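Presented below is the structure to which this report refers.
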Amino acid sequence: MAEYRKKVLLKTIEYVRGAMPPDSTGHDWWHVYRVWKNALKIASYEEGADKYIVQLGALLHDIADYKFNGGDELAGGRIATKYLKKAGASEETISRTCHIVDNVSYKGAKVKNAMKSIEGKIVQDADRLDAIGAIGIARAFAYGGMRGNLIFEPKIRPVYHKSFDEYKSSQSTTINHFYEKLFLLRGRMNTKTGKRLAKERDAYMREYLKQFLKEWKVSP
Ligand code: ADP
Ligand code: NI
């Protein structure tokens, strides 16, 4: 990798590490770190992916998540652009990275994915791996608790959202989030490696939910 690219990457690691506040909902530096490492792992199996863009996209993907910015979906790309300009990245790097930041998020069960680049598809797979499995379960309950959502209410049925607005404003239970998003992710992985890595996590999560519902039925 060219020297100036290495410099921009090192700067970005430091910037993101300092910019992500400690966060109890699983959107902290450690989430970014796991996504970064898993994205690199997936990239090592995918031909033709530019690892510089993969890393910048992974590092900056949650720099201003809409979920923490009053629903503003453009905040991430805006802040990433401003930062990358200052860090001395080229126009092309900025636009390829922002394509990732702008399109990484899940937008609802029936909403089509707009991610076009192979680098973006890799980062999206890595982000989605962190939403499933043992870590995914912890993050879902922590985030649901922060939103004030119920753990479970059998009377509230899962909804397969047709638009991002519908998905964003939904006040569902955390158990429903498994049906509305988490169980759908394995089938939506973009890359072969992503699919392979999702398999074990998906199975673990389904086992967990089976046990949860079993205990619920025998509860007084
Ligand atoms: P995305 O950009 O696709 O939302 P993030 O990495 O920003 O991905 O965060 C996703 C995680 O946030 C989810 O996998 C889940 O753990 C949590 N989350 C989002 N919405 C909900 C919800 N309604 N209930 C529980 N957890 C949620
Ligand atoms: Ni993320």
Side-chain angles (χ1 to χ4, degrees), residues 16 19-21 23-39 42 54-77 79-80 97 99-109 111-115 120-153 156-161 164-186 188-190 194 198 201-202 204-205 208-209 212:
V16 177
M20 300 297 292
D23 169 65
S24 64
T25 74
H27 285 87
D28 55 354
W29 161 250
W30 287 112
H31 164 63
V32 173
Y33 178 86
R34 293 187 299 269
V35 171
W36 173 36
K37 293 296 165 183
N38 276 328
I42 298 171
V54 167
Q55 293 189 79
L56 289 179
L59 287 164
L60 290 163
H61 87 277
D62 270 339
I63 197 68
D65 192 311
Y66 75 88
K67 297 194 283 313
F68 303 92
N69 280 279
D72 182 356
E73 326 154 29
L74 303 174
I79 291 177
T97 305
H99 173 68
I100 301 178
V101 177
D102 287 341
N103 292 292
V104 71
S105 281
Y106 182 80
K107 294 194 165 66
V111 183
K112 212 169 164 267
N113 185 8
M115 192 70 89
K121 288 176 178 172
I122 289 170
V123 173
Q124 194 173 50
D125 278 6
D127 192 30
R128 291 179 170 181
L129 281 177
D130 212 55
I132 59 178
I135 288 178
I137 294 168
R139 293 181 73 220
F141 286 107
Y143 182 85
M146 182 276 289
R147 287 258 304 244
N149 293 348
L150 298 174
I151 291 176
F152 184 41
E153 168 49 67
I156 305 176
R157 308 305 304 160
V159 177
Y160 297 100
H161 304 101
F164 188 31
D165 280 340
E166 219 182 276
Y167 173 74
K168 267 198 292 198
S169 55
S170 135
Q171 262 281 325
S172 207
T173 68
T174 300
I175 290 298
N176 279 354
H177 189 65
F178 286 79
Y179 296 95
E180 292 167 355
K181 174 182 179 189
L182 308 183
F183 288 154
L184 307 178
L185 293 181
R186 184 185 158 195
R188 292 185 168 213
M189 288 288 159
N190 301 301
R201 295 179 189 221
D202 180 79
Y204 182 86
M205 208 167 52
Y208 168 79
L209 214 79
F212 181 99

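Counting starts at 1 for both ligands and their atoms, in listed order. Only a predicted model underlies this, so the values are computations on that prediction, with no experimental measurement involved. Quick note: residue numbers are just sequence positions, from 1.
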Problem - Contact check: His31 vs ligand 1, nitrogen or oxygen atoms, below 3.5 angstrom - result: yes
Exercise for the section: State whether the shortest distance between N or O atoms of Tyr66 and N or O atoms of ligand 1 falls below 3.5 angstrom. Expected result: no
Give a yes or no on whether the ring-centroid distance for [X] and [Y] is below 6.0 angstrom.
X      : Y      : answer
Tyr66  : Phe164 : yes
Tyr160 : Tyr179 : no
Tyr143 : His27  : yes

In terms of residue, atom name and distance, what is the protein heavy atom nearest to [atom]?
atom                    : value
atom 4 (O) of ligand 1  : Lys67 NZ, 2.8 Å
atom 22 (C) of ligand 1 : His177 ND1, 3.4 Å
atom 18 (N) of ligand 1 : Tyr143 CD2, 3.2 Å
atom 13 (C) of ligand 1 : Lys181 NZ, 3.5 Å
atom 5 (P) of ligand 1  : His27 NE2, 3.4 Å
atom 25 (C) of ligand 1 : Ala140 O, 3.3 Å
atom 6 (O) of ligand 1  : Asp127 OD1, 2.9 Å

Taking [Y]'s backbone N and O only, do any of them form a donor-acceptor pair with [X]'s side chain (distance below 3.5 Å, no angle check)?
X      : Y      : result
Asn190 : Lys121 : yes
Asn69  : Gly71  : no
Asp28  : Pro21  : no
Arg128 : Met189 : no
Glu180 : Pro158 : no

Handout entry: Asp62 near the Ni ion (ligand 2): N/O/S under 2.8 Å
Key =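 True for Asp62.
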Exercise for the section: Give a yes/no answer: is there an N/O/S atom of His27 under 2.8 Å from the Ni ion (ligand 2)? Expected result: no
Problem - Contact atoms of ligand 1, heavy-atom distance to Leu182 under 4.0 Å - result: 14 (O)
Practice task
Under 4.0 Å from a heavy atom of Asp65: give me the atoms of ligand 1 that qualify, with their elements.
Solution key: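 Atoms satisfying the 4.0 Å criterion: 7 (O).
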Measure [X] to ligand 1 on non-hydrogen atoms and call it side chain, backbone, both or neither using the 4.0 Å cut-off.
X      : value
Tyr106 : both
Asp130 : neither
Glu180 : neither
Asp62  : side chain
Arg128 : neither

Exercise for the section: With the Ni ion (ligand 2) as the reference point, give the N/O/S atom of Asp127 that is nearest. Expected result: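 Result for Asp127 and the Ni ion (ligand 2): OD1.
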Problem - Closest candidate by heavy atom, reference atom 14 (O) of ligand 1, pool Ser105, Gly76, Ala126, Ala131 - result: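 Nearest heavy atom to atom 14 (O) of ligand 1 lies in Ala131.
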Problem - Ser172 near ligand 1 by a heavy-atom separation under 4.0 Å - result: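 It does not; every heavy atom stays at 4.0 Å or beyond.
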Practice task
Determine whether any heavy atom of Asn176 lies closer than 4.0 Å to an atom of ligand 1.
Solution key: no
Exercise for the section: Could you tell me whether Phe68 atom CZ has more than 12 heavy atoms of other residues or ligands within 6.0 Å of it? Expected result: yes
Problem - Where the Ni ion (ligand 2) is the vertex, angle from His61 NE2 to His31 NE2 to 10° - result: 100°
Exercise for the section: Measure the shortest side-chain to side-chain distance between Asp127 and Tyr106 over non-hydrogen atoms and say whether it is less than 4.5 angstrom. Expected result: no
Practice task
Taking the side chain as every heavy atom from C-beta outward, state whether Val101 and Leu60 have any atom pair closer than 4.5 Å.
Solution key: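 Heavy-atom side-chain distance check passes, below 4.5 Å.
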Exercise for the section: Please state whether the rings of Phe212 and Phe141 are parallel, tilted or perpendicular, taking 30° and 60° as the class boundaries. Expected result: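 It falls in the parallel class, under 30°.
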Exercise for the section: Would you kindly say whether Asn113 and Gln124 are connected by a side-chain donor-acceptor distance under 3.5 Å? Expected result: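 Note: Asn113 and Gln124 side chains meet the donor-acceptor criterion.
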Practice task
Answer yes if the side chains of Asp23 and His31 hold a donor-acceptor pair under 3.5 Å, and no otherwise.
Solution key: no
